Amino acid sequence: MASVAFDPSQITPPERVVDVHGIYAKHLIQDHVEEKRRRAGASLPFPSPFPPTLPPIQSIRTKVESEIGTLGILGAGVGGLYAAMILDSLGIPFEILEASGRTGGRVYTHEFSKKEHDYYDVGAMRFPDEPAMSRLFHLFRCHQLNSDGLDVNSRLIEYHYREGNEENENSFLSFNGVSVRKSQHKKDYAADIFQFSKTGVPTEDLKKGTERIIDDTFDEYVKALKKDLEPMAPGQEEPSDCGWKMLMDKDKHSVRSFMALEKKMSLPTIRWCETMDNSTDSYDKAFSEACLDIVAFGDKHTKWRRLEYDYAFL
């Protein structure tokens, strides 16, 4: 794609980052900078807090060209390509190093034939239209992807994702050799249709059901993170970081250890929730990562979007 003139309104600057993973990254950088300043006796040549806006573009370009040279980007996945697009807009020289023979990384489309819609998206194939994903949709609509013959935004269409919705209550759940419709299972969790009591799950937990237990585990932190994403009120000088602080206080935990040590749940209950909620060993991920995922991917009311045709185009 031909280079385009830098337009700061079309590149998401730090002060407009409202996706939860972006805020998480900004806080990590901020904490790292402050720790460096503390160890160096506050003698480092940059301010604290971390600047909320991009420094003058010309100063960046001059510094890179005189002191660094060409920047290297490892990998031509979506992250690498996004970084390259930003550097290109800033006029900063770069080179992408990719080990495979294609671009896209985990975003990969397998075509069975050249017939319309005869393909399978192996990687990402849907995007939640949530405030936490606003930067992604800003990318879809930016002029770099909608000029010079490209038109990504027009390909965004609704994705009918029904898992978890009431209209999908007729689907089946199958565990421990027992298969029932989801609607039947939700009528009476305590009936223990799948016989998880035999694995040691306490009766009081069976009565609650996994949905309530999981909600009770994450809700406090998810709500705080969402508050961090809210626009600042008139007169408010700094954005909320309550969710960030709460998350960092528990960052040592995996989901499993958080449920066991902080929520005092039994291991059979944790395994039961993991089985019904996700997949084997999924609760070994960081508790903070699980909270961020819940915020980013929304709930059963979330509207989903996809790109028409295949993702190789992107």
Side-chain angles (χ1 to χ4, degrees), residues 12 16-26 78-79 82 106-107 109 117 120-142 145 152-173 181-183 185-186 209-231 239-240 242-244 246-247 255 258 273-279 282-283 285-311 313-314:
T12 311
R16 292 184 60 189
V17 173
V18 293
D19 68 278
V20 71
H21 290 92
I23 289 178
Y24 182 80
K26 286 173 65 178
V78 171
Y82 184 44
R106 288 185 294 173
V107 176
T109 300
H117 299 144
Y120 172 62
D121 286 313
V122 181
M125 77 292 290
R126 60 180 183 263
F127 309 102
D129 197 351
E130 285 281 309
M133 285 289 187
S134 60
R135 182 162 59 167
L136 174 63
F137 286 89
H138 181 74
L139 172 64
F140 288 151
R141 299 179 177 111
C142 75
L145 298 185
V152 171
N153 188 48
S154 69
R155 292 190 177 217
L156 274 177
I157 60 174
E158 186 175 356
Y159 181 92
H160 297 281
Y161 183 57
R162 300 174 61 183
E163 199 282 325
N165 293 341
E166 292 182 2
E167 59 190 23
N168 201 35
E169 294 297 283
N170 236 12
S171 60
F172 281 94
L173 296 173
R181 294 191 184 277
K182 186 181 292 186
S183 55
H185 175 246
K186 291 184 72 172
T210 55
E211 288 186 18
R212 179 180 167 188
I213 292 173
I214 293 167
D215 286 346
D216 289 346
T217 299
F218 293 104
D219 264 7
E220 179 183 6
Y221 298 87
V222 169
K223 288 177 180 177
L225 284 170
K226 287 183 177 180
K227 187 172 181 60
D228 286 356
L229 295 174
E230 293 177 359
S240 169
C242 176
W244 161 258
M246 290 175 60
L247 207 59
V255 175
F258 179 83
C273 289
E274 181 182 43
T275 300
M276 300 296 291
D277 175 43
N278 212 308
S279 59
S282 64
Y283 280 9
K285 71 163 59 174
F287 177 72
S288 55
E289 180 184 359
C291 290
L292 293 172
D293 285 348
I294 292 172
V295 174
F297 293 105
D299 54 30
K300 64 182 181 180
H301 303 295
T302 297
K303 298 294 184 181
W304 292 76
R305 302 287 183 263
R306 65 179 301 274
L307 289 175
E308 193 174 16
Y309 306 119
D310 63 83
Y311 282 64
F313 171 81
L314 179 62

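Because the structure is predicted, anything quoted here is derived from the model rather than measured.
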For the atom pair [atom1] ([X]) and [atom2] ([Y]), what is the distance rounded to the nearest 0.5 Å?
X      : Y      : atom1 : atom2 : value
Thr217 : Phe287 : OG1   : CZ    : 7.5 Å
Ile214 : Met276 : CD1   : CE    : 9.0 Å
Ile157 : Glu308 : CD1   : CD    : 4.5 Å
Arg181 : Phe172 : CZ    : CZ    : 3.5 Å
Leu136 : Tyr82  : CG    : OH    : 9.0 Å
Ile213 : Phe218 : CD1   : CZ    : 12.0 Å

request  = Run the numbers on Leu307 and Asp121 for side-chain contact (heavy atoms from CB on, under 4.5 Å), then give the verdict.
outcome  = CA-CA 11 Å; Leu307 289 175; Asp121 286 313; over 6 Å; no
task = Look at the rings of Phe137 and Phe127 and say which category their plane angle falls in: under 30° parallel, 30 to 60° tilted, over 60° perpendicular.
result =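 Perpendicular: the ring planes of Phe137 and Phe127 meet at over 60°.
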Suppose we screen for side-chain contact (heavy atoms from CB on, under 4.5 Å). Which residues come up paired with [X], at least two apart in sequence or across chains?
X      : result
Tyr120 : Phe112, Val122
Asp216 : Arg212
Asn153 : Arg141, Asn146, Leu156
Ser282 : Glu274, Asn278, Ser279

If I compare all heavy atoms of [X] with all of [Y], which pair ends up nearest, and what's the gap?
X      : Y      : answer
Leu225 : Cys291 : CD1-CB, 3.9 Å
Glu158 : Arg306 : O-CG, 4.3 Å
Ala296 : Pro128 : O-CG, 3.3 Å

task = Can you run down the side-chain hydrogen bond (donor to acceptor under 3.5 Å, both in side chains) pairs that involve residues 218-230, sequence neighbours left out, and say none if there aren't any?
result =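 side-chain hydrogen bond (donor to acceptor under 3.5 Å, both in side chains) check on residues 218-230 returns Asp228-Ser240.
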query = Is any side-chain heavy atom of Thr210 closer than 4.5 Å to a side-chain heavy atom of Thr275?
reply = no
query = What residues, two or more places apart in sequence or in another chain, satisfy side-chain hydrogen bond (donor to acceptor under 3.5 Å, both in side chains) together with Asp293?
reply =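 Partners of Asp293 under the side-chain hydrogen bond (donor to acceptor under 3.5 Å, both in side chains) test: Lys285.
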